[in-house]
Every structure is written in C-alpha cells, then in structure tokens.
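I have placed the structure first, in the form of structure tokens, so that the comments after it can refer back to it.
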Amino acid sequence: GQSLEQPSEVTAVEGAIVQINCTYQTSGFYGLSWYQQHDGGAPTFLSYNALDGLEETGRFSSFLSRSDSYGYLLLQELQMKDSASYFCAVNRGSTLGRLYFGRGTQLTVWP
Amino acid sequence: DSGVTQTPKHLITATGQRVTLRCSPRSGDLSVYWYQQSLDQGLQFLIQYYNGEERAKGNILERFSAQQFPDLHSELNLSSLELGDSALYFCASSTSAGPNYGYTFGSGTRLTVV
C-alpha cells in the first residue's frame, strides 16, 4: 500500500513564497509528481522528481529526498491565479506506472 | 483542450442503475488511467490500461468494470449504482516516454446518483 501526507490548507498573500510539503510511505517508489487542480477542473501536471534534488520550472520548484521519503513544492511570486488545490502523487510502477495521489492541499492566495 | 476527451460531462441517474463513461486519450498515448474523486477520498486510482490490456487495478469495486478498445478509447462501466458512487470520474492518458511528462487529464464526468 501507500500513504501520502500533505497539509490540507495553506494561505499566503500575493507576491509571497509558499512551500507545500509531502511525506510518503510506499512499497515501490519511482518518483514523485505534483499536480494543480482548480475548482471543478482537471488536474494539470506541474513537475516530476525521480532523483534527489531540486527541479525548477519557472515560478514553481519541486524537491525530493528519497532517503527521507519527503518532497515539497515551492511556489514563488504568488499570484491570485495560483489559488487551487495541489496534489503530490507517487509513481509506484516504473515508467508507465500509475500514480497514487495525496488528499491535496488547498492554497488560497490573498491580495 | 487537454486532448483527452471525456463524455458525458454530467450524468444524473438513480440508484441501482448502470452507466458508461467514455474516454478518448490524447493522440499517441497508449496508457489510460481512471480515477474517482470524491470530497472525502481525494483522487483514487481505479484502473490502468495499456494498449488494450489491463495493466493495474486499484480501489475499483466489483460493480465497476472497464475496457480499452483497439482504437485506444476506454469505457468505465458502473453498475448497481449507490449514492456513494456520486463523484467526479477522471480519465488520464500518458505517453510511453515516462511519467516525467505527466499525465494528461480529461475534464471529467460528474456523476450524481439520486
């Protein structure tokens, strides 16, 4: 089985930096992904980490420590449009593996 | 438009009924995944198909079944529906190149069982 833990809610103001943590326990691990979902919308892919370290994509960065079974998503220069749910997900089954998602973190960005 | 098409977008049906949800993956993607999203359970993996064959099963009830056809579209069949089956059902597809390119999700089917 697997379990993923992430905070249920995070709030921040425009222009700030926020970090969303994710700890996981799983049998079989190939990588950690992050997805964004706006209310009622489809989840959209943000990033994927298979190796330890930081991956940067524009304002968003994602970090993975395999030894600590821990990762985080870092969002910089927050904008109102970043208000959404953010999910971490573990890939358990190689390159075509299915993803198992956490319950998501609701990020609210205030003006 | 993500390239993954799900129909219908909304479905309202009564308990005990059977429904079929349809998904057309993004062009070139061989893998299709079905997920159920409800308020109290998050995104739950149901089942995965790759190039027409079942690859993995998750928390899929026996009342639910799925298949992937030769043209790679997939259908999820839900039968003997219960109130608790009300949820958003997402289909996602992925390239065989690996998860670093991510899943592409469809816009979902919102199922309401009354």
Side-chain angles (χ1 to χ4, degrees), chain A residues 1-9 20 22 24 26-51 53 55-57 60 62 64 71 73 84-106, chain B residues 1-6 9-10 23 25-26 29-60 66 68 87-110 112:
Chain A
Q2 66 288 318
S3 69
L4 295 96
E5 294 292 330
Q6 52 181 130
S8 58
E9 294 182 29
I20 300 174
C22 173
Y24 59 87
T26 181
S27 54
F29 176 84
Y30 282 83
L32 188 71
S33 299
W34 289 92
Y35 284 76
Q36 178 193 62
Q37 184 182 31
H38 287 96
D39 272 350
T44 56
F45 173 70
L46 294 177
S47 67
Y48 177 74
N49 295 68
L51 303 175
E55 295 280 343
E56 297 181 70
T57 310
F60 294 177
S62 58
L64 175 66
L73 180 69
S85 290
Y86 292 84
F87 295 85
C88 60
V90 294
N91 172 18
R92 287 181 54 197
S94 77
T95 57
L96 292 174
R98 52 279 183 200
L99 295 178
Y100 292 87
F101 286 80
R103 288 179 178 268
T105 298
Q106 177 66 49
Chain B
D1 181 8
S2 68
V4 177
T5 304
Q6 287 190 250
K9 292 193 184 305
H10 301 276
C23 168
R26 199 177 52 167
D29 286 355
L30 300 179
S31 270
V32 168
Y33 311 81
W34 285 97
Y35 284 84
Q36 178 192 58
Q37 186 175 37
S38 51
L39 282 175
D40 59 344
Q41 293 293 327
L43 276 161
Q44 295 288 308
F45 169 68
L46 295 178
I47 197 164
Q48 175 195 1
Y49 281 85
Y50 177 76
N51 202 21
E53 294 189 3
E54 182 184 302
R55 178 62 68 96
K57 268 187 175 181
N59 300 321
I60 189 165
Q68 187 179 30
L88 258 175
Y89 290 84
F90 285 105
C91 164
S93 70
S94 69
T95 173
S96 58
N100 49 312
Y101 293 95
Y103 285 7
T104 302
F105 280 82
S107 57
T109 294
R110 184 173 294 279
T112 303

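All values below were derived from every heavy atom in this structure, side-chain atoms included, with hydrogens, water molecules and symmetry-related copies excluded. We name chains A, B, ... by the order of the sequence lines, and we start the count at 1 in each one.
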To check you understand the geometry: which heavy-atom pair defines the closest contact between L99(A) and A89(A), and what is its length? CB-CB, 4.1 Å

Toward chain B, the part of Q37(A) with a non-hydrogen atom under 4.5 Å: side chain

Would you say the ring centroid of F87(A) lies under 6.0 angstrom from that of Y35(A)? no

Applying side-chain contact (heavy atoms from CB on, under 4.5 Å) between R26(B) and each of T5(B), V4(B), V32(B), report the one that passes. V4(B)

Max heavy-atom pair count under 4.5 Å with chain B, selected residue of A42(A), S85(A), P43(A): P43(A)

Parallel, tilted or perpendicular: which fits the ring planes of Y103(B) and Y33(B), with parallel below 30° and perpendicular above 60°? parallel

Of the backbone (N, CA, C, O) and the side chain (C-beta and beyond), which part of Q44(B) lies under 4.5 Å from a heavy atom of chain A, both, or neither? neither

